[in-house]
Engineer: 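Next up is a structure, given as structure tokens.
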Protein chains: 4
Amino acid sequence: MNERSRESTRQRILSASQKVFAEHGYTGANMRLIAQGAAVSVGCVYLYFKCKDELYLTLLESWMNELDARTTDALENIVEPAEALAAFITTGIVYAREHKEMVLLQGRDLGFARGLEMKQQFLRKRRSLIEDIVRKGVATGIFCDCDPGEAAKLIFCSMRGFIVTMMMGEEALYSPEAGVELLLNGLLRRDTP
Amino acid sequence: MNERSRESTRQRILSASQKVFAEHGYTGANMRLIAQGAAVSVGCVYLYFKCKDELYLTLLESWMNELDARTTDALENIVEPAEALAAFITTGIVYAREHKEMVLLQGRDLGFARGLEMKQQFLRKRRSLIEDIVRKGVATGIFCDCDPGEAAKLIFCSMRGFIVTMMMGEEALYSPEAGVELLLNGLLRRDTP
Amino acid sequence: MNERSRESTRQRILSASQKVFAEHGYTGANMRLIAQGAAVSVGCVYLYFKCKDELYLTLLESWMNELDARTTDALENIVEPAEALAAFITTGIVYAREHKEMVLLQGRDLGFARGLEMKQQFLRKRRSLIEDIVRKGVATGIFCDCDPGEAAKLIFCSMRGFIVTMMMGEEALYSPEAGVELLLNGLLRRDTP
Amino acid sequence: MNERSRESTRQRILSASQKVFAEHGYTGANMRLIAQGAAVSVGCVYLYFKCKDELYLTLLESWMNELDARTTDALENIVEPAEALAAFITTGIVYAREHKEMVLLQGRDLGFARGLEMKQQFLRKRRSLIEDIVRKGVATGIFCDCDPGEAAKLIFCSMRGFIVTMMMGEEALYSPEAGVELLLNGLLRRDTP
DNA sequence: GATGAATGAGTCTTCATTCAT
DNA sequence: CATGAATGAAGACTCATTCAT
């Protein structure tokens, strides 16, 4: 219980919080539950995080960082815009599937400012990433001559709705592939002469 | 002190709740705030709604009913599937714009069963409405040969994401028209011979 | 709703209170329930009784008066002490059977002084009535040479316990006659030569 | 602020509750009063007892257990029925004298089921204990040929009334010995030829 | 570093009482 | 005389946070 136990305890707390926040939301989660999940005392949690907010914010930050890293990874060697879009979407959905806690990103019960800002900045960044891809596609003539900003918003909202729906425990979800396909080709029949 | 009519007080409470729930979420909202917003005493709220749940559920139900009615109206005289889709989406988004409170439909912190059920049933119904439209479009050959279920999910999630994004106070949102256009035609350039 | 309605409304309120107090106890009873039972508005109750206490006290007083009257009646023409005792006990038990509300006489949740005093005085009076009977029986040599005070207490407590038990809804109760018989003759076998 | 040991705090809370319940009854007692009596915060009470009911039930149970144990002890080496009866009654009355809180056993304001059941079962058990004693006395010919059930009820109610009277703070009570004597011999003079 | 007992402000809810009509 | 909408003080219970050990 000494050596590098400090870091391991911190991690245990963090991962317990994740579960509890995911299951109960920010307001609904309580410190006793988190402490129990981490097998430490309540007071101990406060040795590592000075309040509930900080715990929450730390999680938020680490999710954002990881999703960011994965996305960068996924896009690294792709040049084709359609392919890049597919990679972006798939990465996001797969990540969300693994991290139900990410709901919180969508969650409404953040009364505090810092979390909101962080989050909004993150989302803005992701949207502009999509926008870049679309712009490139339009430039190369692969995508139709749409407004890249609007297209990015549509794609972004679509992903977000997907994640929210998934998080709410509602069964019906499209497969990433089918989704990408539809976004690329649209609903209307291509005129095959 | 009590010249106000029963119905008017009820309405004032309802509309105050709407604001408070929208701003703080279910768990975060508190009866004192709601009462203050309605300019009545806390006890008075309980004269009209027997508990917080009932207040919430009443709001939820009325939103769902109104959105339902509006959607039915909008689709009444439309036969063309693409047009119907556009009408469905536009109605939903316009409604959400007017009723920020609808976030709650997306909300995470409903611990109680009845609200969740009601909500899920409502969402299911709406999704199946989209599915019907898509199916018809595929049948008539206007839409491409996609899986109507999957397409409905995409469209549905897309709308939902849109609403969530809007609710979170984030600025960037696509215009319904541009969105519909993209969903219909897809991102990829149509091959112009 | 005019003529002599005043008195009739008062009576309706009183009799509704009786039921409600009997069923819920003093603290547990609430004015809305009483008003409903009397088919008047809550405010109307306050037109007749200035507060919950007064309502309660009024009932208490009327029970005591009635029991008092009945007891006096029952004892009027009896000279024989054993017979008088039997009459006293039987009257009390019969009355209690008809007036479940009388529990309240036994009830614990009277936080206010006036009721308590009234009640204690009433009980003291009844006990001294028994004592007189016993004293006379001892004087005439019909009763054994016991301390009349102690005997009165025993008899009094016995009746009281009977009533409490009855009120608590517990099934098993002795019949007044068997009880009187036992009190008179004792448990021990009489030596029959 | 927290040097007090867990068990000692629990005991302090329990004994404060005893006083408060005894003085105000179940409904009338409130957690603030109990906490104050135990010199802890309200929240602290809930660290030890998860609700008001549990606090009450804990007390109820411990009284019943102790009175049970004492009664068993007292009767252990007695074979003579008259003596056994005297021991039973005396034990009960002495116990009640030491534990004014026992009123609660008589209390009317238990809205919750478990407490009532527990209590009624306890009382039934005690009554049947008396019945056994009486039956034995009748069988051996020491007691007169009465119905043991009825006699048990009388004795039981008598004790109960005694306790209630005592609890209500009313001064006058028979001494256990005089009471037993009367129950055994009856009021009527034994015919000494 | 870790514990867990303790706090106190805050939450939902109830209810005796008042008062304009 | 009667209504019933409204009040506000209180009650049971929860929980983030602190602190002696």
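Computed from a prediction, not measured in an experiment: that's the story for all the values here. Proteins get letters first, then strands, A, B, ... in listed order; numbering begins at 1 in each.
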Engineer: Starting at the 5' end of DNA chain F, which residue's closest nucleotide do you reach first, D:C51 or C:V40?
Structural biologist: C:V40

Engineer: List the atom of C:A38, the atom of C:A16, and the distance in Å for their closest heavy-atom pair.
Structural biologist: N-CB, 3.6 Å

Engineer: Do any side-chain nitrogens or oxygens of D:Y46 fall under 4.0 Å of OP1 or OP2 in E:dA6?
Structural biologist: no

Engineer: For the pair B:Y56 and B:F21, name the ring-plane relationship: parallel under 30°, tilted 30 to 60°, perpendicular over 60°.
Structural biologist: perpendicular

Engineer: Between C1' on E:dT7 and CD on D:Q36, what's the gap in Å once rounded to a whole number?
Structural biologist: 14 Å

Engineer: Nearest whole angstrom, please: distance from the P of F:dG11 to the NE2 of D:H24.
Structural biologist: 10 Å

Engineer: Determine which nucleotide pairs with E:dT21, using a 3.5 Å limit on both distances of a Watson-Crick or G-U wobble pair.
Structural biologist: F:dA2

Engineer: Let me know the distance between CG of A:D53 and P of F:dC15, rounded to the nearest Å.
Structural biologist: 17 Å

Engineer: Quick check with a 6.0 Å cut-off and a 45 degree axis cone: is B:K52 positioned over the face of B:Y46's six-membered ring?
Structural biologist: no

Engineer: If you check every side-chain atom of C:L47, which of F:dT3, E:dA2, E:dA5 has the closest atom?
Structural biologist: F:dT3

Engineer: Roughly how many Å is it from NZ in A:K52 to C1' in E:dA9, rounded to a whole number?
Structural biologist: 15 Å

Engineer: Is D:F49 touching bases, backbone alone, or none of the nucleic acid, heavy atoms closer than 4.0 Å?
Structural biologist: nothing

Engineer: Using the side chain to side chain donor-acceptor pair (under 3.5 Å) rule, take D:Q11 and D:E7 through it: C-alpha gap first, then chi angles, then the decisive distance, then the call.
Structural biologist: CA-CA 6 Å; D:Q11 283 312 322; D:E7 193 47 36; 3.2 Å; yes

Engineer: Return the nearest nucleotide to the side chain of B:N30; candidates are E:dC12, E:dA6, F:dC13.
Structural biologist: E:dC12

Engineer: Would you mind classifying the nucleic acid contact of B:V42 as base, sugar-phosphate or nothing, using non-hydrogen atoms under 4.0 angstrom?
Structural biologist: base

Engineer: Does A:T9 make a side-chain N or O approach to OP1 or OP2 of E:dG1 shorter than 4.0 Å?
Structural biologist: no

Engineer: From CE of D:M31 over to P of F:dA9, roughly how many Å is that when rounded to an integer?
Structural biologist: 23 Å

Engineer: Does D:R6 count as lying over the ring of D:Y48, i.e. NZ or CZ under 6.0 Å from the six-ring centre, within 45 degrees of the axis?
Structural biologist: yes

Engineer: Counting only side-chain nitrogens and oxygens, does B:R32 get under 4.0 Å of the OP1 or OP2 atom of E:dT11?
Structural biologist: yes

Engineer: Please give the nucleotide sitting opposite E:dT7 as a Watson-Crick or G-U wobble pair, both distances under 3.5 Å, or none.
Structural biologist: F:dA16

Engineer: Rounded to whole angstrom units, what separation is found between the CZ atom of D:R12 and the C1' atom of E:dA5?
Structural biologist: 11 Å

Engineer: Given that D:C44 and C:G43 both sit by DNA chain E, which one's nearest nucleotide is further toward the 5' end?
Structural biologist: D:C44

Engineer: Stepwise, does the side chain to side chain contact (heavy atoms under 4.5 Å, CB included) test hold for A:T9 with A:L47?
Structural biologist: CA-CA 10 Å; A:T9 300; A:L47 249 32; over 6 Å; no

Engineer: Just checking A:A29: base, sugar-phosphate only, or nothing, at a heavy-atom cut-off of under 4.0 Å?
Structural biologist: sugar-phosphate

Engineer: Measure from CD on B:E54 to P on E:dT13 and round the result to the nearest Å.
Structural biologist: 10 Å

Engineer: Taking OP1 and OP2 of F:dT3, is either one under 4.0 Å from a side-chain nitrogen or oxygen of C:S41?
Structural biologist: yes

Engineer: D:L33 CG to F:dA10 P: how many Å, rounded?
Structural biologist: 13 Å

Engineer: D:Y48 has a side chain; which of E:dG1, E:dA5, E:dT7 sits nearest to it?
Structural biologist: E:dA5

